[in-house]
Amino acid sequence: MDKRFVITIGREYGSGGRQIGRELADRFGIKFYDKELLSFAAKESGISEELLKNHDEKPTNSFLYSLVMDTYTTGYSTSTFIDMPLNQKVFMAQYDAIKKIAEQESCVIVGRCADYVLKDMPNCIKFFIKADMNAKISRIQRIYDYSEDKARDLIVKTDKKRANYYNFYSNKKWGDSKSYDLCIDSSLIGIDGSVDVLQKYVEIRLAGCGDRGI
């Protein structure tokens, strides 16, 4: 495939979205960005990677929402950036990193409002991965050796954090099918089946790109 494209993946915690994204990237022979995005953003912005990790996918105080929107509508100066709260700087660093990566190469990007950041990119393909709660609990227990209650609590809290972050910065609803091109339940078809479905969807989409002038 000779056309640059970006696949974004929103995911419920424990759904296997990260693994699905990595395997999808491997099948297409393109780069994969999850935590890797933080390293890229740190190098580009000058913000330490540790700070980016500590504030990753965490919304800032809601009263700053208008500042966030004004920043991306009118642009920002160096002095404006310096005066911004840390969570806002982290979002901006990731926003700029996602834009720059998408301009340079085909890739898979997990989370961090990437689908919203790249909303005007015609060859951006947006997926969301969900799963049954019992399946998510079993996966988290298997990976981290947590009790059922601890796994459930972690899933609920992590998904709440992700939803708050996405809903705040994108002004859309996390997990709403209208926000994505395709939503699938990985607990029904498994990790490999999910990768198969998404791969086929991407191939069909890209095969039709010429008809839409992309």
Side-chain angles (χ1 to χ4, degrees), residues 1 5-37 56-59 98 106-119 121 123-208:
M1 297 178 182
F5 63 97
V6 176
I7 299 168
T8 67
I9 295 184
R11 75 289 186 214
E12 292 181 348
Y13 189 68
S15 67
R18 186 177 191 277
Q19 182 180 348
I20 290 168
R22 183 175 289 282
E23 292 187 13
L24 191 60
D26 288 342
R27 291 197 186 182
F28 284 109
I30 59 179
K31 287 188 179 179
F32 172 82
Y33 290 94
D34 182 14
K35 298 300 182 183
E36 296 83 354
L37 179 68
D56 188 30
E57 292 191 288
K58 293 181 181 178
I98 290 168
S106 294
C107 62
V108 173
I109 303 176
V110 174
R112 298 166 186 85
C113 297
D115 61 287
Y116 175 72
V117 174
L118 302 176
K119 64 183 182 300
M121 182 179 180
N123 50 343
C124 176
I125 302 171
K126 311 168 188 70
F127 295 135
F128 188 86
I129 315 298
K130 66 175 186 175
D132 174 77
M133 176 58 82
N134 289 332
K136 292 189 291 187
I137 290 173
S138 295
R139 181 178 177 83
I140 296 303
Q141 284 186 285
R142 185 172 67 254
I143 294 173
Y144 298 109
D145 195 26
Y146 286 168
S147 67
E148 180 178 340
D149 287 342
K150 186 174 182 178
R152 183 187 300 274
D153 184 61
L154 181 61
I155 290 166
V156 171
K157 288 180 177 178
T158 302
D159 281 351
K160 183 177 181 180
K161 182 187 74 171
R162 289 176 177 174
N164 288 340
Y165 178 88
Y166 183 90
N167 296 348
F168 177 79
Y169 283 114
S170 74
N171 202 24
K172 295 164 66 179
K173 186 175 180 181
W174 182 80
D176 187 333
S177 62
K178 292 189 290 293
S179 297
Y180 312 93
D181 296 319
L182 182 65
C183 301
I184 66 170
D185 188 330
S186 62
S187 59
L188 295 177
I189 58 178
I191 298 298
D192 290 341
S194 297
V195 178
D196 289 341
V197 169
L198 300 189
Q199 179 183 4
K200 188 64 175 178
Y201 181 94
V202 172
E203 290 171 347
I204 292 172
R205 275 281 299 272
L206 294 180

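The shown structure was predicted, so the numbers you read here are calculated from the model rather than taken from an experiment. Heads up: numbering here begins at 1 and tracks the sequence.
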Going by side chain to side chain donor-acceptor pair (under 3.5 Å), name the residues that satisfy it together with D159, two or more places apart in sequence or in a different chain.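 Scan of D159 (side chain to side chain donor-acceptor pair (under 3.5 Å), adjacent residues dropped) gives none.
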Nearest 0.5 Å, please: how far is CZ in R139 from OH in Y144?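 Nearest 0.5 Å value for the OH-CZ distance: 9.0 Å.
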Are the side chain of D181 and the backbone N or O of K126 linked by a donor-acceptor pair below 3.5 Å?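 A pair under 3.5 Å: yes.
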Looking at side-chain heavy atoms only, is the closest gap between F127 and L24 below 4.5 Å?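 F127 reaches L24 side chain to side chain.
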By side chain to side chain donor-acceptor pair (under 3.5 Å), which residues pair with D196, not counting sequence neighbours?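 Scan of D196 (side chain to side chain donor-acceptor pair (under 3.5 Å), adjacent residues dropped) gives R27.
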For S187 and D132, indicate whether the former's side chain and the latter's backbone hold a donor-acceptor pair under 3.5 Å.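 Side chain of S187 to backbone of D132, a donor-acceptor pair under 3.5 Å: yes, one is there.
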When rounded to the nearest 0.5 angstrom, what distance separates CD1 in I7 from OG in S106?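 So the CD1 of I7 and the OG of S106 are separated by 8.5 Å.
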Kindly compute the distance separating CZ (R162) from CG (N167), expressed to the nearest 0.5 Å.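 Spacing of CZ (R162) from CG (N167) equals 13.5 Å.
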Got Y13 and L154 here, is their nearest side-chain heavy-atom distance under 4.5 Å?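 A side-chain contact exists here, since the closest heavy-atom pair is under 4.5 Å.
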Side chain to side chain contact (heavy atoms under 4.5 Å, CB included) partner of V110, the single match among T8, L37, D34: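 When side chain to side chain contact (heavy atoms under 4.5 Å, CB included) is applied between V110 and each of T8, L37, D34, only D34 qualifies.
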Atom NZ in K161, atom CH2 in W174: separation rounded to 0.5 Å?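 These two atoms lie 11.0 Å from each other.
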Side-chain contact, heavy-atom cut-off 4.5 Å: V197 with L182?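 With C-beta onward as the side chain, the pair touches.
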Polar side chain donor-acceptor pair, Y166 to D115, under 3.5 angstrom: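 Side-chain D/A pair, Y166 to D115: present.
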How are the rings of Y180 and F128 set to each other: parallel, tilted or perpendicular (split at 30° and 60°)?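 Tilted.
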Do F28 and Q199 have side chains that get closer than 4.5 Å, going by heavy atoms?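 Yes, at least one pair of side-chain atoms sits under 4.5 Å.
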Does atom NZ of K172 have more than 12 heavy-atom neighbours, drawn from other residues, nucleotides or ligands, at distances under 6.0 Å?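 Yes, NZ of K172 has more than 12 neighbouring heavy atoms, counting only those of other groups under 6.0 Å.
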Working to the nearest 0.5 Å, report the span between CG of L206 and CG of N123.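 If I round to the nearest 0.5 Å, the distance is 8.0 Å.
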Does the R22 side chain pair with the main chain of F32, one donor and one acceptor, at a distance under 3.5 Å?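 Side chain of R22 to backbone of F32, a donor-acceptor pair under 3.5 Å: no, none is there.
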Is N164 reaching over with its side chain to a backbone N or O of K160, donor-acceptor style, under 3.5 angstrom?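 Indeed, once roles are kept as given, a pair shorter than 3.5 Å links the two residues.
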With rounding to the nearest 0.5 angstrom, report the NZ to CG distance, K136 to N134.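 The distance works out to 10.0 Å.
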Can any side-chain N or O of S186 pair as donor or acceptor with the backbone N or O of I191 at less than 3.5 Å?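 Not a single qualifying donor-acceptor pair exists.
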Around atom NZ of K150, are there more than 12 heavy atoms of other residues, nucleotides or ligands at under 6.0 Å?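 Not buried by this count: 12 neighbours or fewer within 6.0 Å.
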